[in-house]
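Note sheet for the following structure.
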2 protein chains.
Amino acid sequence: MDERLGLEDLITAIRESGGRVTSAKRAVAATLADARDHLSADEITRRVQIGQPDVSPSTVYRILEELESLGVVVHSHVGHAAAVYHVVGPAHGHLVCSRCGVTTEIAARAFDGLSRDLRHHYGFELDRHHVALAGLCRQCREMVKDL
Amino acid sequence: MDERLGLEDLITAIRESGGRVTSAKRAVAATLADARDHLSADEITRRVQIGQPDVSPSTVYRILEELESLGVVVHSHVGHAAAVYHVVGPAHGHLVCSRCGVTTEIAARAFDGLSRDLRHHYGFELDRHHVALAGLCRQCREMVKDL
DNA sequence: CTAAGTGCAAATAATTTGCAACATG
DNA sequence: CATGTTGCAAATTATTTGCACTTAG
(Lines give C-alpha, C1' and ligand atoms only; values in the text may rest on other atoms or scores of the structure.)
Protein backbone atom coordinates (compact mmCIF):
# COMPACT_ATOMS: atom_id res chain seq x y z
CA MET A 1 0.00 0.00 0.00
CA ASP A 2 2.97 2.25 0.46
CA GLU A 3 3.93 2.51 -3.14
CA ARG A 4 6.54 5.23 -3.34
CA LEU A 5 9.15 5.73 -5.99
CA GLY A 6 11.97 3.21 -5.71
CA LEU A 7 15.72 3.47 -6.09
CA GLU A 8 15.55 2.92 -9.83
CA ASP A 9 13.02 5.70 -10.27
CA LEU A 10 15.36 8.13 -8.54
CA ILE A 11 18.34 7.03 -10.59
CA THR A 12 16.32 7.32 -13.76
CA ALA A 13 15.20 10.81 -12.83
CA ILE A 14 18.81 11.90 -12.37
CA ARG A 15 19.87 10.34 -15.62
CA GLU A 16 16.99 11.78 -17.63
CA SER A 17 17.72 15.26 -16.39
CA GLY A 18 21.23 14.93 -17.74
CA GLY A 19 22.90 14.47 -14.35
CA ARG A 20 25.62 11.93 -13.73
CA VAL A 21 24.97 8.93 -11.57
CA THR A 22 27.73 8.70 -9.01
CA SER A 23 28.16 6.32 -6.11
CA ALA A 24 27.31 9.07 -3.64
CA LYS A 25 24.06 9.79 -5.44
CA ARG A 26 23.26 6.12 -5.59
CA ALA A 27 23.86 5.77 -1.86
CA VAL A 28 21.71 8.76 -0.93
CA ALA A 29 18.95 7.61 -3.26
CA ALA A 30 19.09 4.08 -1.84
CA THR A 31 18.95 5.41 1.71
CA LEU A 32 15.89 7.50 0.92
CA ALA A 33 14.22 4.70 -1.00
CA ASP A 34 14.77 2.23 1.83
CA ALA A 35 13.72 4.49 4.68
CA ARG A 36 10.26 4.02 6.00
CA ASP A 37 10.35 7.22 8.00
CA HIS A 38 11.49 10.74 7.22
CA LEU A 39 15.20 11.40 7.60
CA SER A 40 17.19 14.52 8.38
CA ALA A 41 20.20 15.35 6.22
CA ASP A 42 22.35 14.32 9.14
CA GLU A 43 20.73 10.91 9.49
CA ILE A 44 21.02 10.36 5.77
CA THR A 45 24.70 11.27 5.87
CA ARG A 46 25.31 8.88 8.74
CA ARG A 47 23.61 6.01 6.96
CA VAL A 48 25.40 6.69 3.70
CA GLN A 49 28.72 6.79 5.53
CA ILE A 50 28.25 3.26 6.83
CA GLY A 51 28.98 2.06 3.32
CA GLN A 52 31.03 5.00 2.09
CA PRO A 53 32.75 6.81 4.96
CA ASP A 54 34.15 9.52 2.74
CA VAL A 55 30.89 10.96 1.51
CA SER A 56 30.70 14.40 3.07
CA PRO A 57 27.65 16.19 4.46
CA SER A 58 27.93 18.92 1.87
CA THR A 59 27.69 16.34 -0.88
CA VAL A 60 24.59 14.91 0.72
CA TYR A 61 23.03 18.37 0.83
CA ARG A 62 23.86 18.94 -2.79
CA ILE A 63 22.35 15.63 -3.81
CA LEU A 64 19.21 16.26 -1.77
CA GLU A 65 18.86 19.62 -3.46
CA GLU A 66 19.19 17.98 -6.86
CA LEU A 67 16.58 15.34 -6.03
CA GLU A 68 14.20 17.99 -4.76
CA SER A 69 14.60 20.06 -7.89
CA LEU A 70 13.75 16.94 -9.88
CA GLY A 71 10.57 16.63 -7.91
CA VAL A 72 11.24 13.12 -6.65
CA VAL A 73 12.10 14.11 -3.07
CA VAL A 74 10.56 16.68 -0.77
CA HIS A 75 11.49 18.10 2.60
CA SER A 76 9.51 19.56 5.43
CA HIS A 77 10.05 21.02 8.87
CA VAL A 78 8.68 19.92 12.21
CA GLY A 79 8.98 22.61 14.84
CA HIS A 80 12.41 24.23 14.79
CA ALA A 81 14.26 21.00 14.09
CA ALA A 82 16.32 20.23 11.01
CA ALA A 83 14.55 19.56 7.74
CA VAL A 84 13.47 15.99 7.05
CA TYR A 85 13.47 14.46 3.59
CA HIS A 86 11.57 11.69 1.91
CA VAL A 87 10.78 10.26 -1.49
CA VAL A 88 7.48 11.30 -3.00
CA GLY A 89 4.88 8.62 -3.46
CA PRO A 90 1.50 8.52 -5.00
CA ALA A 91 -0.44 11.65 -4.08
CA HIS A 92 -0.57 11.69 -0.31
CA GLY A 93 -0.44 13.79 2.79
CA HIS A 94 1.14 13.78 6.21
CA LEU A 95 -0.57 14.11 9.54
CA VAL A 96 2.03 15.39 11.99
CA CYS A 97 1.19 15.23 15.67
CA SER A 98 2.24 18.47 17.36
CA ARG A 99 2.62 16.70 20.65
CA CYS A 100 4.58 13.50 19.96
CA GLY A 101 5.91 14.35 16.53
CA VAL A 102 4.75 11.13 14.89
CA THR A 103 3.93 11.40 11.20
CA THR A 104 1.18 9.34 9.62
CA GLU A 105 0.91 9.12 5.86
CA ILE A 106 -2.55 9.14 4.45
CA ALA A 107 -4.04 8.47 1.06
CA ALA A 108 -4.80 11.03 -1.60
CA ARG A 109 -8.45 10.17 -1.43
CA ALA A 110 -8.71 12.02 1.88
CA PHE A 111 -8.16 15.26 -0.01
CA ASP A 112 -10.58 14.71 -2.84
CA GLY A 113 -13.27 16.90 -1.34
CA LEU A 114 -10.90 19.59 -0.15
CA SER A 115 -9.13 19.66 -3.48
CA ARG A 116 -12.38 20.15 -5.35
CA ASP A 117 -13.47 22.92 -2.98
CA LEU A 118 -10.20 24.81 -3.30
CA ARG A 119 -10.24 24.60 -7.07
CA HIS A 120 -13.83 25.69 -7.21
CA HIS A 121 -13.77 28.54 -4.66
CA TYR A 122 -10.24 29.85 -5.04
CA GLY A 123 -9.02 28.54 -8.35
CA PHE A 124 -6.23 26.91 -6.37
CA GLU A 125 -4.77 23.65 -7.63
CA LEU A 126 -3.68 21.70 -4.57
CA ASP A 127 -0.28 20.03 -4.75
CA ARG A 128 -1.02 16.66 -3.24
CA HIS A 129 2.62 15.77 -2.78
CA HIS A 130 3.13 18.52 -0.24
CA VAL A 131 0.17 18.33 2.07
CA ALA A 132 1.31 18.34 5.70
CA LEU A 133 -1.24 18.91 8.42
CA ALA A 134 -0.61 19.56 12.09
CA GLY A 135 -2.83 18.40 14.89
CA LEU A 136 -3.11 15.73 17.55
CA CYS A 137 -2.90 12.02 16.84
CA ARG A 138 -5.42 9.68 18.40
CA GLN A 139 -3.21 8.73 21.34
CA CYS A 140 -2.14 12.24 22.27
CA ARG A 141 -5.70 13.41 21.89
CA GLU A 142 -6.76 10.99 24.60
CA MET A 143 -3.89 11.85 26.89
CA VAL A 144 -4.67 15.53 26.61
CA LYS A 145 -8.30 14.82 27.25
CA ASP A 146 -7.34 13.25 30.60
CA LEU A 147 -5.62 16.34 31.91
CA MET B 1 -12.93 39.99 8.61
CA ASP B 2 -9.34 39.53 9.65
CA GLU B 3 -10.07 39.17 13.30
CA ARG B 4 -6.89 38.01 14.96
CA LEU B 5 -5.87 38.44 18.55
CA GLY B 6 -4.78 41.99 19.32
CA LEU B 7 -2.01 43.42 21.44
CA GLU B 8 -4.11 43.36 24.58
CA ASP B 9 -4.94 39.69 24.11
CA LEU B 10 -1.27 38.86 23.95
CA ILE B 11 -0.45 40.92 27.03
CA THR B 12 -3.31 39.34 28.92
CA ALA B 13 -2.11 35.87 27.96
CA ILE B 14 1.33 36.64 29.36
CA ARG B 15 -0.08 38.06 32.56
CA GLU B 16 -2.52 35.22 33.12
CA SER B 17 0.22 32.64 32.75
CA GLY B 18 2.10 34.35 35.57
CA GLY B 19 4.69 35.97 33.32
CA ARG B 20 5.89 39.52 33.80
CA VAL B 21 5.02 42.15 31.25
CA THR B 22 8.19 43.95 30.23
CA SER B 23 8.73 46.63 27.64
CA ALA B 24 10.51 44.16 25.37
CA LYS B 25 7.56 41.79 25.51
CA ARG B 26 5.19 44.63 24.86
CA ALA B 27 7.19 45.69 21.81
CA VAL B 28 7.38 42.21 20.33
CA ALA B 29 3.67 41.65 20.94
CA ALA B 30 2.80 44.99 19.35
CA THR B 31 4.96 44.22 16.33
CA LEU B 32 3.24 40.88 15.83
CA ALA B 33 -0.20 42.33 16.41
CA ASP B 34 0.39 45.13 13.91
CA ALA B 35 1.96 43.02 11.18
CA ARG B 36 -0.26 42.02 8.35
CA ASP B 37 2.19 39.50 7.01
CA HIS B 38 4.32 36.81 8.60
CA LEU B 39 7.61 37.98 10.08
CA SER B 40 10.92 36.27 10.70
CA ALA B 41 12.57 36.65 14.11
CA ASP B 42 15.08 38.89 12.44
CA GLU B 43 12.44 41.19 10.98
CA ILE B 44 10.69 41.35 14.31
CA THR B 45 13.94 42.25 16.04
CA ARG B 46 14.62 44.98 13.54
CA ARG B 47 11.19 46.52 13.98
CA VAL B 48 11.36 46.34 17.75
CA GLN B 49 14.75 47.99 17.70
CA ILE B 50 13.36 51.05 15.96
CA GLY B 51 11.74 51.98 19.23
CA GLN B 52 14.09 50.18 21.64
CA PRO B 53 17.54 49.75 20.10
CA ASP B 54 18.85 47.71 23.01
CA VAL B 55 16.47 44.80 22.75
CA SER B 56 18.64 41.89 21.67
CA PRO B 57 17.79 39.11 19.23
CA SER B 58 18.08 36.53 21.95
CA THR B 59 15.42 38.30 23.95
CA VAL B 60 13.16 38.33 20.93
CA TYR B 61 13.64 34.59 20.49
CA ARG B 62 12.86 34.00 24.15
CA ILE B 63 9.70 36.07 23.94
CA LEU B 64 8.56 34.35 20.76
CA GLU B 65 9.08 31.03 22.46
CA GLU B 66 6.98 32.17 25.41
CA LEU B 67 4.18 33.40 23.15
CA GLU B 68 4.19 30.17 21.22
CA SER B 69 3.99 28.12 24.39
CA LEU B 70 1.00 30.22 25.39
CA GLY B 71 -0.63 29.27 22.12
CA VAL B 72 -1.16 32.83 20.92
CA VAL B 73 1.57 32.81 18.30
CA VAL B 74 2.67 30.15 15.85
CA HIS B 75 5.59 29.77 13.51
CA SER B 76 6.07 27.94 10.27
CA HIS B 77 8.74 27.35 7.67
CA VAL B 78 8.70 28.10 3.99
CA GLY B 79 11.37 26.19 2.14
CA HIS B 80 14.70 26.31 3.97
CA ALA B 81 14.31 29.89 5.07
CA ALA B 82 14.12 31.14 8.64
CA ALA B 83 10.95 30.53 10.62
CA VAL B 84 8.18 33.09 10.28
CA TYR B 85 5.85 33.99 13.14
CA HIS B 86 2.34 35.31 13.36
CA VAL B 87 -0.47 35.79 15.83
CA VAL B 88 -3.18 33.16 15.72
CA GLY B 89 -6.56 34.22 14.48
CA PRO B 90 -9.85 32.51 13.98
CA ALA B 91 -9.32 29.05 12.54
CA HIS B 92 -7.91 29.51 9.06
CA GLY B 93 -5.53 28.15 6.50
CA HIS B 94 -2.99 29.37 4.00
CA LEU B 95 -2.81 28.56 0.33
CA VAL B 96 0.78 29.09 -0.77
CA CYS B 97 1.50 29.18 -4.47
CA SER B 98 4.66 27.19 -5.20
CA ARG B 99 5.30 29.23 -8.30
CA CYS B 100 4.81 32.89 -7.32
CA GLY B 101 4.92 32.50 -3.54
CA VAL B 102 1.73 34.42 -2.88
CA THR B 103 -0.17 33.36 0.22
CA THR B 104 -3.95 33.50 0.35
CA GLU B 105 -5.72 33.14 3.66
CA ILE B 106 -8.91 31.16 3.59
CA ALA B 107 -11.70 30.53 6.03
CA ALA B 108 -11.98 27.66 8.47
CA ARG B 109 -15.14 26.49 6.78
CA ALA B 110 -13.09 25.16 3.88
CA PHE B 111 -11.71 22.49 6.19
CA ASP B 112 -14.94 21.33 7.77
CA GLY B 113 -15.23 18.28 5.61
CA LEU B 114 -11.57 17.38 5.74
CA SER B 115 -11.48 17.83 9.48
CA ARG B 116 -14.41 15.49 9.98
CA ASP B 117 -12.85 12.86 7.69
CA LEU B 118 -9.52 12.93 9.46
CA ARG B 119 -11.10 12.63 12.88
CA HIS B 120 -13.30 9.81 11.69
CA HIS B 121 -10.78 7.78 9.72
CA TYR B 122 -7.56 8.46 11.59
CA GLY B 123 -8.61 9.77 15.00
CA PHE B 124 -6.60 12.86 14.06
CA GLU B 125 -7.70 16.21 15.43
CA LEU B 126 -6.71 18.80 12.84
CA ASP B 127 -5.10 21.95 14.18
CA ARG B 128 -6.82 24.61 12.13
CA HIS B 129 -4.35 27.28 13.05
CA HIS B 130 -1.54 25.52 11.24
CA VAL B 131 -2.99 24.52 7.92
CA ALA B 132 -0.70 25.52 5.06
CA LEU B 133 -1.25 24.03 1.64
CA ALA B 134 1.01 24.20 -1.37
CA GLY B 135 -0.17 24.31 -4.93
CA LEU B 136 -0.73 26.68 -7.81
CA CYS B 137 -2.80 29.83 -7.56
CA ARG B 138 -5.30 30.66 -10.27
CA GLN B 139 -2.98 32.92 -12.22
CA CYS B 140 0.02 30.64 -12.19
CA ARG B 141 -2.19 27.73 -13.09
CA GLU B 142 -3.16 29.48 -16.29
CA MET B 143 0.34 30.53 -17.15
CA VAL B 144 1.56 26.98 -16.73
CA LYS B 145 -1.30 25.72 -18.84
CA ASP B 146 -0.02 27.86 -21.71
CA LEU B 147 3.39 26.24 -21.82
C1' DC C 1 12.92 42.43 47.95
C1' DT C 2 13.45 38.32 44.74
C1' DA C 3 12.68 35.71 41.03
C1' DA C 4 11.73 36.53 36.21
C1' DG C 5 13.67 38.80 32.47
C1' DT C 6 17.44 40.94 29.81
C1' DG C 7 21.88 42.22 27.14
C1' DC C 8 25.90 40.64 25.49
C1' DA C 9 29.09 37.59 23.86
C1' DA C 10 30.22 33.13 22.95
C1' DA C 11 28.47 28.45 21.67
C1' DT C 12 25.62 25.35 18.67
C1' DA C 13 23.42 23.58 14.78
C1' DA C 14 22.15 23.48 10.08
C1' DT C 15 23.30 24.53 5.71
C1' DT C 16 26.16 26.77 1.98
C1' DT C 17 30.21 27.81 -0.64
C1' DG C 18 35.12 28.06 -2.77
C1' DC C 19 38.29 25.40 -4.82
C1' DA C 20 41.47 21.84 -6.25
C1' DA C 21 41.24 16.90 -7.17
C1' DC C 22 38.38 13.29 -9.36
C1' DA C 23 35.41 10.32 -12.11
C1' DT C 24 31.31 9.81 -15.35
C1' DG C 25 29.43 9.70 -19.91
C1' DC D 1 38.77 14.32 -22.05
C1' DA D 2 35.40 17.95 -20.83
C1' DT D 3 32.60 18.90 -17.32
C1' DG D 4 29.63 17.52 -13.68
C1' DT D 5 30.83 16.00 -8.91
C1' DT D 6 33.11 15.55 -4.74
C1' DG D 7 35.81 16.22 -0.26
C1' DC D 8 37.44 19.32 2.78
C1' DA D 9 37.65 23.32 5.26
C1' DA D 10 36.03 27.66 6.03
C1' DA D 11 32.00 30.83 5.86
C1' DT D 12 27.09 31.85 6.78
C1' DT D 13 22.76 31.84 8.97
C1' DA D 14 19.52 30.77 12.44
C1' DT D 15 18.94 29.91 17.01
C1' DT D 16 20.45 28.85 21.87
C1' DT D 17 22.83 29.42 26.13
C1' DG D 18 25.75 31.14 30.30
C1' DC D 19 26.07 34.69 33.26
C1' DA D 20 26.07 39.01 35.64
C1' DC D 21 22.91 42.77 35.88
C1' DT D 22 18.20 44.83 35.83
C1' DT D 23 13.35 45.32 36.91
C1' DA D 24 8.30 44.04 37.40
C1' DG D 25 5.20 42.59 40.75
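Letters A, B, ... are given to chains in the order of the sequence lines, protein chains preceding strands, and every chain is numbered from 1.
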task: For DNA chain D, find the residues of residues 56-65 of chain B with a heavy-atom distance under 4.0 Å and give them by number; none if there aren't any.
output: B/Ser58, B/Tyr61, B/Arg62

Residue pairs, two or more places apart or on separate chains, that pass salt bridge (charged side-chain N to carboxylate O under 4.0 Å, His left out) and touch residues 22-45 of chain B: B/Lys25-B/Glu66, B/Asp42-B/Arg46

task: Would you write the dot-bracket representation of DNA chain C, where each base gets (, ), [, ], | or . depending on whether it forms a Watson-Crick or G-U pair under 3.5 Å and with which partner?
output: ||||||||||.|||.||||||||||

message: I want to check something: taking the side chain as every heavy atom from C-beta on, are A/Val131 and B/Leu133 in contact at a cut-off of under 4.5 Å?
response: yes

Close side-chain approach of A/His120 and A/Asp117, heavy atoms under 4.5 Å: no

- request: With sequence neighbours excluded, tell me which residues meet side-chain hydrogen bond (donor to acceptor under 3.5 Å, both in side chains) with A/Ser69.
  value: none

- prompt: Does any residue of residues 41-48 of chain B have a heavy atom under 4.0 Å from DNA chain C, and if so, which ones, in number order?
  reply: none

Please tabulate, for side-chain N and O atoms in residues 6-20 of chain B, each donor-acceptor pair with protein atoms closer than 3.5 Å (sequence neighbours left out).
{"from": "B/Asp9", "atom 1": "OD2", "to": "B/Gly6", "atom 2": "N", "distance (Å)": "2.7"}
{"from": "B/Thr12", "atom 1": "OG1", "to": "B/Glu8", "atom 2": "O", "distance (Å)": "2.7"}
{"from": "B/Ser17", "atom 1": "OG", "to": "B/Ile14", "atom 2": "O", "distance (Å)": "2.8"}

task: Find which nucleotide of DNA chain D each of B/Thr22 and B/His77 is nearest to by heavy atoms, and output the residue with the more 5' nucleotide.
output: B/His77

field: Pairwise side-chain contact, A/His86 with A/Val74, heavy-atom cut-off 4.5 Å (strictly under)
entry: yes

message: Applying side-chain hydrogen bond (donor to acceptor under 3.5 Å, both in side chains) as the test, list every pair that has at least one member in residues 71-83 of chain B; sequence neighbours left out.
response: A/His75-B/His80, A/His80-B/His75, A/Tyr85-B/His80, B/Glu68-B/His75

field: Min side-chain heavy-atom separation B/Val72-B/Val87 under 4.5 Å
entry: no

Any side-chain heavy-atom pair of B/Ile106 and A/His121 under 4.5 Å: no

message: Quick check: do A/Val55 and A/Thr45 have side-chain heavy atoms less than 4.5 Å from each other?
response: no

- request: Report the residues that fulfil side chain to side chain contact (heavy atoms under 4.5 Å, CB included) with A/Asp112, sequence neighbours left out, ordered by chain and then residue number.
  value: A/Arg109, A/Arg128

- prompt: Can you list the residues that meet the side chain to side chain contact (heavy atoms under 4.5 Å, CB included) rule with A/Arg119, with sequence neighbours excluded?
  reply: A/Ser115, A/Glu125, B/Arg141

- line: Within residues 8-17 of chain A, those residues having any heavy atom closer than 4.0 Å to DNA chain C are none

field: 5' priority, DNA chain C, between B/His80 and B/Ser23 [closest heavy atom]
entry: B/Ser23

query: With sugar-phosphate meaning primed atoms plus P, OP1 and OP2, does B/Gly19 contact a base, only sugar-phosphate, or nothing at under 4.0 Å between heavy atoms?
result: sugar-phosphate

message: Can you give me the first and the last nucleotide of DNA chain C (5' to 3') that has an atom within less than 4.0 angstrom of a non-hydrogen atom in chain B?
response: C/dA3 to C/dT16

query: Atom CG of B/Asp54 to atom P of D/dT23: distance rounded to whole Å?
result: 11 Å

- prompt: Where do B/Ile44 and B/Arg47 land on the side chain to side chain contact (heavy atoms under 4.5 Å, CB included) test, with the steps shown first?
  reply: CA-CA 5 Å; B/Ile44 294 168; B/Arg47 296 191 187 188; 5.9 Å; no

task: Identify the residue among B/Val84, B/Thr31, B/Leu64 that makes a side chain to side chain contact (heavy atoms under 4.5 Å, CB included) with B/Leu39.
output: B/Thr31

message: I'd like to check the side chain to side chain contact (heavy atoms under 4.5 Å, CB included) partners of A/Ser23; sequence neighbours left out, ordered by chain and number.
response: A/Gln52

